[in-house]
Amino acid sequence: MNIGNNNEERHPRRIAVLGSTGSMGTQALEVIALHPDLLQLEVIAANSSADLLIEQAKKYHPNIVVVVQEAAYKIVKEALAEEDVKVFCGEESLCDVCEMDCVDMVLSCIVGIAGLRPAYRAVACGMPLAIANKETLVVAGELIMRTAKEHNAPVLPVDSEHSAIFQCLAGEQYNPVEKLIITASGGAFRGFTKEQLEQVTLKDALKHPNWSMGPKVTIDSASLMNKGLEVIEAKWLFNMPLEKIDVLVHPQSVIHSMVQFEDGSVKAQLGVPDMRLPIQYALAYPLRLPLPYERLDFTKYSNLTFEKPDRNVFPCLDMAYRASAAGGGMPCVMNAANEKAVRLFMDGKIKFTDIPRIIKQALASAPSVKPNNIEDYIALDEETKSRVQG
Ligand code: MG
């Protein structure tokens, strides 16, 4: 996992960016282009955003483009006919690129359960996996981490909170951790009462106070489900029991998370809220490369504040703790119900406060199955989504 300082690895680290047209994916391409000597864009892949994929292929010159949806594939294939690039179609191709010899690291920025199969294929062949797709670890964390360990595949966090914890843990491998403290901005509705929350609109939910992210994660931030998903992610990534993972609301989003050690010392990672930093840290790990963006000006942040999350107004957070403690298929059911509920909310079919109600119902009526492999998880996800109605 060295770059630039290892004789065996003379070429730049070749990256496959899955989900390149989303918010994280576009920022990843920008970061990779900053360091042509060390990082190389080998693959870009997207579900159906043909126009942006074509633009990215022409601008960044990857060697391979993957389009999942066939209609979009035809458009991309034709538009890139004159370019020196291979264009592949379908979900299977998305998984195949995770095993290619021409790829040194997979960055998964796919949104939702669609990230599960490619992530599994990557770790099962020992491919380093930088993971921005939360659902993979939320749904199948045990299986993914066990498989990664068996095949010596490093799993590198990209989510800002987990990157912060990962950075705080550097050099501490022999020192037991007392507590992980995951910070939360509190989302668009911090401080709202239950009654106020009844009235909010999609437009309100899409206004994140600090971070620039895609719509799904911004809505999850507003419901605090995002923090719940991140607690589960942290449990798997850092092999940490739930009792040792705390959530702390920190509205300025300057401290991106913290680690408390057995001597009471707390390490925090701070920075301007900009996803390009955690993306680059994962892609270039273990190196820190220059990043020519805004620096933290402490005089502008003279008042860093902290508060407890309101678990009563935002019940999704505790639902995530309980689903993870229950284990088996419950995190998968919770995630599927949330994905479907967020979709219904975005389509104007339900109210914001229906999201936790729908998830609660789905968990209460979940089948008691224990998924054993990726296909079991995907079947449970589909079954749950078909069961969930507005
Ligand atoms: Mg996050």
Side-chain angles (χ1 to χ4, degrees), residues 1-22 24-46 52-68 76 80 83-110 115 117-133 136 147-148 151-158 163 166 275-291:
M1 286 298 292
N2 293 321
I3 56 173
N5 52 0
N6 181 343
N7 285 336
E8 285 168 23
E9 195 178 350
R10 287 195 189 87
H11 55 75
R13 183 175 284 175
R14 297 161 301 183
I15 316 281
V17 180
L18 312 186
S20 68
T21 55
M24 294 286 264
T26 49
Q27 294 182 77
L29 301 200
E30 206 183 306
V31 164
I32 293 169
L34 289 172
H35 307 287
D37 297 344
L38 297 170
L39 303 172
Q40 179 186 320
L41 184 65
E42 186 65 24
V43 180
I44 56 174
L52 184 51
L53 208 49
I54 293 162
E55 190 187 315
Q56 290 180 337
K58 289 184 174 173
K59 182 172 179 188
Y60 295 110
H61 306 289
N63 290 315
I64 295 170
V65 176
V66 179
V67 197
V68 174
V76 174
L80 298 178
E83 307 282 323
D84 183 19
V85 61
K86 295 191 196 84
V87 185
F88 298 126
C89 179
E91 207 199 332
E92 196 51 33
S93 301
L94 194 64
C95 291
D96 289 344
V97 294
C98 296
E99 297 177 344
M100 283 182 169
D101 285 341
C102 61
V103 171
D104 299 310
M105 180 186 277
V106 168
L107 169 63
S108 175
C109 302
I110 294 170
R117 278 196 192 106
Y120 180 75
R121 286 276 289 273
V123 294
C125 74
M127 177 71 77
L129 174 67
I131 189 137
N133 171 262
T136 297
T147 308
H151 298 273
N152 288 320
V155 178
L156 303 156
V158 176
S163 177
F166 190 53
M275 284 312 299
R276 291 172 295 191
L277 194 157
I279 291 169
Q280 176 173 289
Y281 189 75
L283 293 181
Y285 181 80
L287 300 183
R288 287 189 187 274
L289 305 181
L291 199 55

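Along the sequence shown, the residues carry numbers beginning at 1.
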Give the minimum heavy-atom separation between Ala16 and Val103, together with the two atoms involved.
-> CB-CG1, 3.9 Å
Does Gln40 use its side chain to pair, donor to acceptor, with the backbone of Ile15 at less than 3.5 Å?
-> no
Ile64 vs Val97 side-chain heavy atoms within contact, under 4.5 Å | yes
Do Leu283 and Met105 have side chains that get closer than 4.5 Å, going by heavy atoms?
-> yes
Pro12 and Asp104 have their tightest heavy-atom pair at O-OD2, 3.7 Å
Work out which heavy atom in Ala282 is nearest to a heavy atom in Val158; give both atom names and the distance.
-> CB-CG2, 3.8 Å
Hey, what do you get for CZ (Phe88) to CG (Leu94), rounding to the nearest 0.5 Å?
-> 12.5 Å
So, do Arg121 and Glu99 sit near enough that their side-chain heavy atoms are less than 4.5 Å apart?
-> yes
Validation row: Ile131, Leu156 side chains within 4.5 angstrom (heavy atoms) | no
For Ala284, does its backbone N or O pair with a side-chain atom of His35 as donor and acceptor, under 3.5 Å?
-> no
Using atom types as modelled and distance alone, determine if a side-chain donor or acceptor of Asn133 lies under 3.5 Å from a backbone N or O of Cys109.
-> no
State, with a plain yes or no, whether a side-chain heavy atom of Thr21 is found less than 4.5 Å away from one of Gln56.
-> yes
Could you go through the side-chain contact (heavy atoms from CB on, under 4.5 Å) check for Gln280 and Leu289 one step at a time?
-> CA-CA 8 Å; Gln280 176 173 289; Leu289 305 181; 3.4 Å; yes
Any sub-3.5 Å donor-acceptor pair from Gln27's side-chain atoms to Ile279's backbone N or O?
-> no
With the side chain counted from C-beta on, respond yes when Leu80 and Lys58 share a heavy-atom pair under 4.5 Å apart, and no when they do not.
-> yes
Got a donor-acceptor contact below 3.5 angstrom from the Arg276 side chain to the Leu291 backbone?
-> no
With Tyr60 as partner, the option from Leu29, Ile44, Ile32 fulfilling side chain to side chain contact (heavy atoms under 4.5 Å, CB included) is Leu29
Which pair of heavy atoms, one from Leu18 and one from Pro118, lies closest together, and at what distance?
-> CD1-CB, 3.7 Å
Only counting residues at least two apart or in another chain, list the ones meeting side-chain hydrogen bond (donor to acceptor under 3.5 Å, both in side chains) with Glu55.
-> none
Residues Val65, Val76; criterion side-chain contact (heavy atoms from CB on, under 4.5 Å); working and verdict = CA-CA 9 Å; Val65 176; Val76 174; 4.1 Å; yes
Does Arg13 come within less than 4.0 Å of Glu42, counting only side-chain N to carboxylate O?
-> no
Can a donor-acceptor pair be found between the side chains of Glu83 and His61 at a distance below 3.5 Å?
-> no
Please identify each residue that fulfils side-chain hydrogen bond (donor to acceptor under 3.5 Å, both in side chains) with Ser108, with sequence neighbours left out.
-> none
Which pair of heavy atoms, one from Cys98 and one from Cys125, lies closest together, and at what distance?
-> O-SG, 3.6 Å
If we ignore angles and hydrogens, is there a donor and acceptor under 3.5 Å between the side chains of Ser93 and Asp96?
-> no
Parallel, tilted or perpendicular: which fits the ring planes of Phe166 and Tyr285, with parallel below 30° and perpendicular above 60°?
-> tilted
Which heavy atom of Ala57 sits nearest a heavy atom of Pro62, and at what distance?
-> O-CD, 3.6 Å
Short question: side chain of His151, backbone of Ala124 - any donor-acceptor pair under 3.5 Å?
-> yes
